Amino acid sequence: MSDTSVAYTGTARFFHWLTVLCVLTMIPAGLLMLRIGSGSLQNFLFDFHRSMGVVLFVITAFRLAYRITHKPAPLPADIPALQKGAAHLVHVILYGFLLINPLIGWIGTSAYGAAIKVFGLFTLPPIIAKDKAFATTVLEVHQVMGWIFTAAVVVHIAAALFHHFIKHDGILLRMTRGQT
């Protein structure tokens, strides 16, 4: 029987995979909404992307609170310090972007003068006065940060697959099955 003491808890795994589901729907919506013509599909994608940003912010806040109060599973001792440092950096980037970029999106959307209707349930209030020139700048920053976030997601996935298929060290199993 494997040692599950280094596996992630069920709660940590739930938050992780819920985040994955949200991110893997939000990123394509964000990319597509800027590349299609205006109309009902584009409006839907903007609303969906904004709604997912709000949901991801809330999930990440709860997830971070859980992570602070429940120490994550340590990486195996045989993983080199450089890889451990890189893993930590990527996690900081992912958490940081999931908290900061939705706020930047909210600022930019508010400055643009658009509403953030969260799945039609409620509308977030604008947090800055309408200023389309400022909105353009802020939303460009939001987009660049989105690309950096997407790159960090790809690195995170690649590292997990490397550990699973090349190293065969059980790192991925800690987050999929809760075992090593």
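Because only heavy atoms are used, hydrogens play no part in the values below, and waters and symmetry mates are left out as well, while side chains stay in. Index from 1, following the sequence. Note that the structure is a prediction, hence the values are computed from the model and not measured.
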Discussion item. My understanding is that only one of Thr150, Val153, Ile148 makes a side-chain contact (heavy atoms from CB on, under 4.5 Å) with Phe97; could you say which?
Written reply: Ile148
Worksheet entry | Min side-chain heavy-atom separation Ile171-Phe162 under 4.5 Å | no
Discussion item. Testing Leu64, Ile59, Thr60, Ile93 one by one against Leu98 for a side-chain contact (heavy atoms from CB on, under 4.5 Å), which residue passes?
Written reply: Thr60
Item to complete: State whether the number of non-hydrogen atoms from other residues, nucleotides or ligands found under 6.0 Å of Phe62 atom CZ is greater than 12.
Response: no
Practice prompt. Go through the steps to decide whether Leu75 and Arg174 satisfy the test side-chain contact (heavy atoms from CB on, under 4.5 Å), and finish with yes or no.
Written response: CA-CA 10 Å; Leu75 290 170; Arg174 297 170 355 138; 3.7 Å; yes
Worksheet item: Roughly how far apart are Asp78 CG and Lys167 NZ, rounded to 0.5 Å?
Response: 6.5 Å
Worksheet item: Tell me, do Thr25 and Met52 make a side-chain contact under 4.5 Å, heavy atoms counted?
Response: yes
Practice prompt. Report the distance from atom CZ of Arg50 to atom CG of Leu124, rounding to the nearest 0.5 Å.
Written response: 10.5 Å
Item to complete: Answer yes or no for Lys130 and Tyr112: cation-pi contact, defined as NZ/CZ to six-membered ring centre under 6.0 Å and angle to ring axis within 45°.
Response: no
Fill in: Trp147 atom CH2: more than 12 heavy-atom contacts under 6.0 Å
no
Worksheet entry | Straight-line distance of Leu56 CG to Thr19 OG1, nearest 0.5 Å | 6.0 Å
Item to complete: Could you tell me whether the side chain of Phe165 reaches within less than 4.5 Å of the side chain of Leu172, counting heavy atoms only?
Response: no
